[in-house]
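Data block below; observations after.
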Amino acid sequence: MNVFAIRHGETEWSLSGQHTGTTDVSLTDNGRRQAERMRPVLSRQTFALVLVSPLQRARETCDLAGLGERAIVDPGLKEWNYGEYEGLTPQQIEAERADWLIFRDGCPGGETPSQVGARVDQVVARARAADGDVALFAHGHVLRVLAARWLGLPPRAGQHFLLNTGTLSVLAYYHEIPAVRIWNGHLAG
């Protein structure tokens with residue numbers, strides 16, 4: 001079993017570095033091209049389950065990658081709720097709180113790492129129950145926590161998994177041990 005974890009394509013806010021949790025922004029033209037590059041790779045796979053975040057940027061990526069008609073919206077894949085930090089860049093946040101780290105501290109008025117971890121655990125259980133390969137279309141921070149939880153690590157361990165827009169990662173098993181097969185894979189265009 002393989003779990004294809006796809007981060008949505010580029011948005012204006014991902015370009016500017018703004019934290020984009022619940023704000024429903026669309027893809028840039030480049031983000032659409034990134035999503036379309038997924039289509040030939042994903043079309044070679046047979047998926048038992050396709051899950052997508054309810055947010056537009058993930059759904060649009062899923063559609064352009066060719067799996068939109070099969071996708072089931074799963075709120076567990078929604079991006080981290082950044083609360084008071086929504087729309088702010090890391091530099092703006094660090095100007096107020098120099099030692100802040102999302103994977104340790106969470107966000108005031110938003111979610112804690114354990115809350116995101118609990119949501120992601122439900123997605124991981126759903127993926128593991130599928131009878132075959134799974135595709136997940138979601139966002140940077142939530143997918144980083146998902147990778148950590150897939151491996152049995154605490155949500156905080158998501159800090160170790162950098163993830164760019166428009167990338168494909170594959171979670172799998174080594175024998176019966178959860179493993180990372182591919183991480184932050186870019187598709188040439």
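No hydrogens, no waters, no symmetry mates; every other heavy atom, side chains included, goes into these values.
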Is any side-chain heavy atom of V116 less than 4.5 Å from a side-chain heavy atom of F103? no
With a 4.5 Å limit on heavy-atom distance, are the side chains of V134 and V50 in contact? no
Looking only at atom types and distance, does a side-chain atom of Q45 sit under 3.5 Å from a main-chain N or O of L42, one as donor and one as acceptor? no
OG1 of T28 to CH2 of W13: how many Å apart, nearest 0.5 Å? 15.0 Å
Does the structure place the NZ or CZ of R128 under 6.0 Å from the centre of the six-membered ring of W150, at an angle of no more than 45° from the ring's axis? yes
Going by an N to O cut-off under 4.0 Å, is there a salt bridge joining R119 and E111? yes
When you measure from the side chain of T11 to the backbone N and O of G9, does any donor-acceptor pair fall under 3.5 Å? no
Residues passing the salt bridge (charged side-chain N to carboxylate O under 4.0 Å, His left out) test with D133, sequence neighbours excluded, are none
Hey, are the side chains of H8 and H139 touching, using non-hydrogen atoms and a 4.5 Å cut-off? yes
A side-chain contact here means heavy atoms from C-beta on lying under 4.5 Å apart; do H19 and H141 qualify? yes
Examine distances only and state if a side-chain atom of R104 and a backbone atom of P113 form a donor-acceptor pair shorter than 3.5 Å. no
Rounded to the nearest 0.5 Å, how far apart are CG of N30 and CD of Q34? 4.5 Å
